[in-house]
Structures are given as structure tokens and as C-alpha cells.
Amino acid sequence: MTRLIWPALLATIASTAAVAIELDDRQEAVWQLEEAYWRYVSSGNVEAYVALWHDDFVGWPCFSWTPTRKVNIGSWVEEIRDNDWTLTYELRPEAVQLFGDVAVVHYAAEYVYGYPDGTSKGKGEWRKFTHTWMKVGESWQIIGGMCAGQEPLAT
């Protein structure tokens, strides 16, 4: 009898993983900023990318061995721009939760670097992201974040 539970459990997990999350208008507004984040990265728009971050931000990006602050957050976007690399990406939103003027966003991302010599890096490597956003005036800014590798997601 125990053997029958595992296939049913795995089928349930697989079916829930494929369900898109539903967002209300405020959650969608924050999610659209995550989309903008990646457009800025892929276009090498350092100034627009850095403008998303609060002056007191601290977080742990994938490119750093230690937590970093806003002063260093745009370095990987500069590298993409300055080396004429391309960056393509796929995002999978997992959760957006608002707590008044604070929003916590969790998602998975696969991003692939394309190099001038025709090689690429990152295909199939999914990372999980958490960004914490705070409403400042009429806009939202990232106040904290974390990026980490994860096992490839089934497509």
C-alpha cells in the first residue's frame, strides 16, 4: 500500500508545479519590476538596473561569494555590456506576497550568456531568486535579495 502513495504524491507535486500563479494588481505591479530587472540586464542598461535598488540594499547575488551592497550590484550588468555579451533568460514566478509596503518575490530563472565567439554558458542551469521590495514614495525598490543555484526544473 505504501508503494501506491509515492506515485500519487509525485503526480500531485508535478501538477502543482506547472500551475501558473495568480497575482492581484499590486502583486502584478511588483512582478513587472522583476521583468524590467531582466530586460535591463539583457540590454546592459546599468543605470536603469541600479535605479531599482534602494540605497541601503544588502543582499547575496549569484555573482558574489559574500553579501554585497548597492555600490557593487551593477557590476555583472556592466560586464555584459562592456564585453558585448548577450543574455537570454526565462523566468518562472513562484510567489509574490505583499505585507503593506513590502513585497517578497520568489522565482526561478534560467539565464544564458552568449559570447562573441559563438559559445554560450548557462543553458539548463536554473537559479532561485528572492527579492524583497519596499515601496518608496510611488515606486518600489529592492531592499534585500538572495540568489542560489537549484536543480534543473522539468519542463
Side-chain angles (χ1 to χ4, degrees), residues 10-83 85-114 120-155:
L10 291 175
T12 301
I13 291 169
S15 67
T16 57
V19 174
I21 65 170
E22 292 185 29
L23 304 175
D24 66 26
D25 290 344
R26 289 188 71 215
Q27 292 169 322
E28 181 64 31
V30 175
W31 176 252
Q32 288 305 311
L33 291 168
E34 294 288 355
E35 294 275 2
Y37 166 110
W38 286 96
R39 283 193 306 276
Y40 301 151
V41 171
S42 68
S43 67
N45 189 340
V46 178
E47 294 75 23
Y49 176 79
V50 170
L52 295 172
W53 305 84
H54 191 278
D55 287 342
D56 295 328
F57 164 81
V58 64
W60 207 328
C62 283
F63 66 80
S64 178
W65 287 103
T66 59
T68 191
R69 299 214 173 252
K70 182 177 180 174
V71 68
N72 298 318
I73 204 65
S75 63
W76 74 297
V77 182
E78 287 175 354
E79 193 173 19
I80 291 167
R81 180 195 64 201
D82 295 349
N83 289 299
W85 299 341
T86 61
L87 187 123
T88 57
Y89 59 89
E90 180 181 344
L91 306 179
R92 292 195 177 141
E94 297 294 336
V96 178
Q97 184 64 51
L98 273 71
F99 303 90
D101 287 342
V102 173
V104 179
V105 180
H106 300 284
Y107 62 97
E110 176 197 50
Y111 51 94
V112 180
Y113 291 94
S120 65
K121 178 184 174 190
K123 182 72 176 160
E125 295 177 20
W126 285 86
R127 291 175 176 87
K128 49 191 170 185
F129 284 81
T130 297
H131 283 148
T132 303
W133 296 78
M134 181 173 68
K135 192 151 192 186
V136 179
E138 294 301 312
S139 63
W140 291 88
Q141 291 187 310
I142 302 170
I143 60 172
M146 178 76 183
C147 172
Q150 76 178 41
E151 294 296 316
L153 299 175
T155 56

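Each residue takes its place number in the sequence, starting with 1.
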Between OH on residue Tyr89 and CD on residue Glu35, distance to nearest 0.5 Å: 6.0 Å
CD1-CD distance between Ile21 and Glu94, expressed to the nearest 0.5 angstrom: 7.0 Å
CG on Asn45 to CD on Glu78, rounded to 0.5 Å: 11.5 Å
4.5 Å side-chain heavy-atom contact, Val77 and Tyr40: no
Donor-acceptor pair, side chain of Ser75 and main chain of Asn72, under 3.5 angstrom: yes
Test salt bridge (Lys or Arg N to Asp or Glu O under 4.0 Å) applied to Arg69 - qualifying residues, sequence neighbours left out: none
Name the atoms and distances for all side-chain donor-acceptor pairs under 3.5 Å in residues 105-112, with sequence neighbours left out.
| from | atom 1 | to | atom 2 | distance (Å) |
| --- | --- | --- | --- | --- |
| His106 | ND1 | Thr130 | OG1 | 2.8 |
| Tyr107 | OH | Glu34 | OE1 | 3.0 |
| Tyr107 | OH | Trp38 | NE1 | 3.0 |
| Glu110 | OE2 | Gly124 | N | 2.5 |
| Tyr111 | OH | Arg127 | NE | 3.3 |

Give the table of side-chain donor-acceptor pairs shorter than 3.5 Å for residues 135-142, with sequence neighbours excluded, one pair per line with atom names and distance.
| from | atom 1 | to | atom 2 | distance (Å) |
| --- | --- | --- | --- | --- |
| Ser139 | OG | Val136 | O | 3.3 |

Audit row: Trp126, Arg92, side chain to side chain contact (heavy atoms under 4.5 Å, CB included) steps and yes/no: CA-CA 10 Å; Trp126 285 86; Arg92 292 195 177 141; 3.7 Å; yes
Residues which pass salt bridge (Lys or Arg N to Asp or Glu O under 4.0 Å) with Lys128, listed by chain and number, not counting sequence neighbours: none
Lys121 side, atom NZ; Leu87 side, atom CG - distance, nearest 0.5 Å: 12.0 Å
Whether Trp76 and Tyr113 hold their rings parallel, tilted or perpendicular, with breakpoints at 30° and 60°: perpendicular
Exercise: identify the closest heavy-atom pair between Gly74 and Val46: O-CG1, 4.3 Å
Contacts of Trp60 that satisfy ring pair (Phe, Tyr, Trp, His ring centres under 6.0 Å) - sequence neighbours left out: none
Side chain to side chain, Ile143 and Asp56, heavy atoms closer than 4.5 Å: no
Closest heavy-atom pair and its distance - Pro67, Val58: CB-CG2, 4.3 Å
Phe57, Tyr37, Trp31 screened by ring-ring contact (aromatic ring centres under 6.0 Å, His included) with His131, the one that passes: Tyr37
Backbone N/O of Arg26 and side chain of Asp24: donor-acceptor pair under 3.5 Å: yes
Heavy-atom pair of closest approach, residues Val96 and Gln27: O-NE2, 2.7 Å
Nearest atoms (heavy-atom pairs only) where Ile73 meets Pro61: CD1-CG, 4.2 Å
Shortest non-hydrogen contact from Cys62 toward Ala148: SG-N, 3.9 Å
Salt bridge (Lys or Arg N to Asp or Glu O under 4.0 Å) against Asp82, all qualifying residues, sequence neighbours excluded: none
